Amino acid sequence: MIANLGFGLLVVTFITAIYGAVTAVYGDVKKDSRWVESARRATILSFPLATLTVFVLLYLLATNHFEVQYVYSVTSLSMPMYLKLTALWGGQSGSLLFWAWLLSAFSSAVMLRKWDRDREFLPWVILVTAVTMIFFLSLILLFENPFIRWWQTLGGEVAAMFAPTQATLLTPADGMGLNPLLRHPGMIIHPPMLYLGFVAFIIPFAFAVAALITGRTDDRWIRITRRWTLWAWLFLSLGLVLGGRWAYDVLGWGGYWGWDPVEIAAFMPWLTGTAFLHSVMIQEKRGMLKQWNMLLIILTYDLVIFGTFLTRSGVLSSVHAFAQSAIGPMFFTFIGLTFAVSVGLLMHRWNELKSETPMTSMLSREALFLLNNLLFMGILIVSFWGVIFPLISELATGQKVTVGPPFYERATAPLFGALMFLMAVAPLAAWGHSTIKTLGKAIWKPGVVALIAPIAIFFLGVRNIVALIGFTLVALVICVTLYEIWRGSMARSKKLEENFFVSTWRLFGRNRRRYGGYIIHISMVFMAIGILGIEIFQTQTQGTIPQGSSLELANYEITFDSVAQFDTTGGRNVTRAVMSIYKDGNYIGQVFPRRDYYYESQQPMTIPGLRSTMLDDLYVILVDWQPISTIGATFKVYHNPLVNWLWVGSILFIFGTLVAAWPEKDPATLRATAKLVQAPGAAN
Amino acid sequence: MEQSPTPQKPGRIKFILGGLLILAAVVYLIVSSTQGNAEYFMTVEELKAKGSTVIDRNLRASGAVVGDTIQYDPQTLNLSFTVANVPGDNNEIEAQGGLALVLHEAVVDSTRARMQVIYNGPMPDLLRDEAQAIMTGHLGEDGIFYADELLLKCPTKYEPAIPSQSSGN
């Protein structure tokens with residue numbers, strides 16, 4: 001019964017979205033704002049409707065309604081309540097519903113803003129969000145209905161929304177339970193973060209299309225959506241990082257990123273989104289790259305849809321492919337159509353989107369930003385090539401050929417390196433015009449300081465050329481960025497006779513985007529430190545040892561103290577080893593590698609014992625243990641230098657993005673202070 | 001790559017040249033990395049048929065794990081098992097009734113092409129009878145597949161076709 005209610009609400013939401021799309025266009029064509037207003041209200045209404053639908057599914061999940069196929073496939077009696085609720089995004093149809101719900105939330109929120117100055121955008125923003133909503137809701141209604149139930153017919157069990165003839169409802173005694181691999185805090189927050197990021201990028205795209213259709217091609221659409229873009233980018237980045245952390249904690253291969261097609265699918269919109277975040281600044285400041293920005297946001301939108309499709313359809317063989325589905329053709333049609341229409345609109349407005357100022361100097365700030373964009377696009381092309389290469393090779397030669405992580409690492413490393421170099425140089429370049437001489441003059445001091453890093457690690461015995469170059473770039477970015485902040489603060493404190501630290505604080509407060517950006521740059525190189533550390537210096541050992549003996553790795557000695565096996569909550573049997581760690585002969589602590597066995601899904605899960613410091617991680621996996629065996633237990637140990645910088649960097653990254661996205665003070669007072677203080681290099 | 005908007009003549013040439021240079025660099029990186037790292041995706045049947053011609057290639061193969069053949073020595077971490085041929089194409093698998101069924105039939109049918117796989121490392125949690133193994137590695141002259149990497153999928157776990165323990169209430 002309740003499932004019927006959920007299905008009914010879904011249908012009503014679907015009709016509301018269609019109504020919104022149609023009336024918005026009709027109102028615009030008829031120049032009748034009442035219709036547009038009605039469409040606006042319909043869009044606002046889609047949020048409570050979708051929310052109710054989600055509540056119905058949550059209720060079914062929480063109350064063990066196993067007659068509903070989705071509930072049956074992702075929950076079980078023994079699961080704790082929070083896992084039952086988060087199973088909302090544990091399977092395909094639930095996560096599509098969740099996606100649609102987020103979209104309804106964001107589009108209603110946009111509807112509630114003040115539209116006075118941008119009335120002409122309104123119908124088209126409604127249209128874009130509604131069309132996207134209609135697409136997702138029709139996928140749910142036609143292929144991935146989460147309210148489908150089990151029926152017992154004469155011919156056997158059938159899953160259907162409504163009772164087939166002579167069928168009775170079938171209620172299984174217990175559900176299948178959520179895949180144990182997904183029962184991890186990282187995995188509980190990772191999908192919503194990723195989806196928040198995905199869906200929030202639809203809003204800037206909607207405004208971009210509105211700008212193209214109305215011909216209002218100034219940078220108004222960019223200014224309206226600047227914060228949306230930043231939040232979208234923050235959530236998408238967090239989704240990626242959390243996914244990595246989950247892999248590190250749960251998958252037990254000592255890594256965090258495997259260049260799996262599904263990971264790449266989430267990474268590609270991040271690449272175009274990051275390029276977009278940079279290049280909109282050029283449009284705002286210099287009136288350039290307008291066509292390029294349009295193209296970037298169109299690409300981001302379609303990569304978001306493509307990413308949702310890849311993560312949710314299992315077309316590619318990957319660890320994430322836990323569902324097969326028939327919705328591929330629908331996705332490709334939708335992606336193809338939206339891309340063609342958007343690019344068509346862009347072509348139509350091409351001449352109106354010409355740059356206001358010519359780009360003359362190759363070393364100007366705007367040229368370096370453009371270079372940054374091209375590098376991001378380069379990484380995008382490499383990633384895209386890697387994902388579609390198997391399909392292309394199969395079409396061309398009949399032989400399926402794939403490329404693995406070594407391909408991506410080799411092809412993207414130089415591009416990432418170049419991006420880091422730009423991160424160091426671009427903040428010092430002036431708008432409009434820069435030469436080697438002016439740039440060199442600005443960079444030589446921090447550059448010399450940065451050289452300490454490679455020299456120091458060279459004398460520590462590092463001879464790996466990638467590591468030497470990598471750490472030089474890391475040091476260069478940090479030195480230049482700190483130097484920039486120092487210069488800005490000094491100039492301000494001299495001029496206004498403030499305390500230096502007060503000046504730094506106010507400098508950040510007055511130029512949030514600029515200095516938030518600098519914090520993000522530093523967080524990125526922190527992450528680079530972690531990545532260089534684990535990629536280049538990871539070592540491992542493995543062995544079967546009796547109780548009391550040890551394995552040795554790097555300057556660590558890991559002693560196997562004891563092992564115990566016991567049943568615990570959540571239908572698990574846990575085998576847990578106690579290991580003591582000695583560094584250079586001194587006892588420094590214990591780790592507890594585990595193997596959990598889930599009775600109902602008959603699936604074991606390996607949880608590493610982890611000892612983490614800023615210098616290195618010791619990552620111990622309990623590989624095998626036989627209760628009757630006298631040999632002992634088998635362990636695999638990884639030594640991951642510096643990897644913690646990756647996670648610390650991501651926390652700093654959140655902070656930096658919040659600084660950049662924080663609402664500014666009243667524009668009038670801002671303008672007044674901007675006249676007073678011109679930070680060096682920031683001169684417009 | 002999309003040519004960036006660079007109006008007016010004087011500086012234009014150098015920007016186009018710069019753009020082309022970057023494009024060339026990206027193409028070079030892609031081509032050279034693809035050549036060095038391509039993995040040929042082959043079914044067990046194809047591997048048996050091609051035999052010695054693919055010995056020095058990076059290979060990626062998938063097959064159904066035959067449960068009885070799993071041998072694991074926790075001392076040396078040497079893992080050995082046999083896989084039975086399954087189609088490499090997802091659509092073909094779907095057409096034959098889904099992954100779970102295809103894997104089951106491959107294991108039951110003793111006439112299917114089979115291949116021994118050797119892997120050194122911890123035994124993966126999902127390795128069991130009728131799981132799909134995706135191996136990356138190379139083919140030895142002895143016809144054994146030496147895997148460097150081993151991925152497993154158990155389709156029945158996540159999206160069951162029908163409830164297994166149904167009851168009337």
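Just so you know, these numbers use all the heavy atoms, side chains as well, and skip hydrogens, waters and symmetry mates. Note that the coordinates shown come from a computational prediction; the quantities given were computed from them, not determined experimentally.
Distance check: Phe389(A) CZ to Glu39(B) CD gives 10.5 Å after rounding to the nearest 0.5 Å. Taking OG1 of Thr544(A) as the reference point, atom CG of Asp73(B) lies at 7.5 Å (rounded to 0.5 Å). Note that CZ of Phe15(B) and CG of Leu370(A) are 7.5 Å apart. Values are rounded to the nearest 0.5 Å. Note: Ile22(B) CD1 to Met377(A) CE = 12.5 Å, rounded to the nearest 0.5 Å. Interatomic distance, Ile381(A) CD1 to Leu23(B) CG, rounded to the nearest 0.5 Å: 6.5 Å.
Per-residue heavy-atom pair counts under 4.5 Å with chain B were compared for Ala411(A), Gly386(A), Ala367(A), and the maximum is reached by Ala411(A). Here Gln542(A) is the residue among Glu67(A), Met605(A), Gln542(A), Arg595(A) with the most heavy-atom pairs under 4.5 Å with chain B.
Contact annotation for Ile30(B): both backbone and side-chain heavy atoms come within less than 4.5 Å of a heavy atom of chain A. Neither the backbone nor the side chain of Ser62(B) comes within less than 4.5 Å of any heavy atom in chain A. Using a 4.5 Å cut-off between heavy atoms, Ser361(A) touches chain B through its backbone atoms (N, CA, C, O) alone. With a 4.5 Å cut-off on non-hydrogen atoms, Tyr597(A) does not touch chain B at all. In this structure, no portion of Pro405(A) lies under 4.5 Å from any heavy atom of chain B.
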Notebook entry, point to check: Ser32(B) and Arg410(A): side-chain contact (heavy atoms from CB on, under 4.5 Å), yes or no, with the steps?
Noted result: CA-CA 9 Å; Ser32(B) 64; Arg410(A) 194 181 167 283; 2.8 Å; yes

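For Gln71(B), the CD atom counts as loosely surrounded, since its 6.0 Å shell holds 12 or fewer non-hydrogen atoms of other residues, nucleotides or ligands. Within a 6.0 Å radius of CZ in Phe384(A), other residues, nucleotides and ligands contribute 12 heavy atoms or fewer.
Of the options Val26(B), Leu29(B), Thr34(B), a side chain to side chain contact (heavy atoms under 4.5 Å, CB included) to Trp385(A) is made by Thr34(B) and by none of the others.
Looking at every heavy atom in both residues, Ala38(B) comes nearest to Val401(A) through CB-CG1, 3.5 Å.
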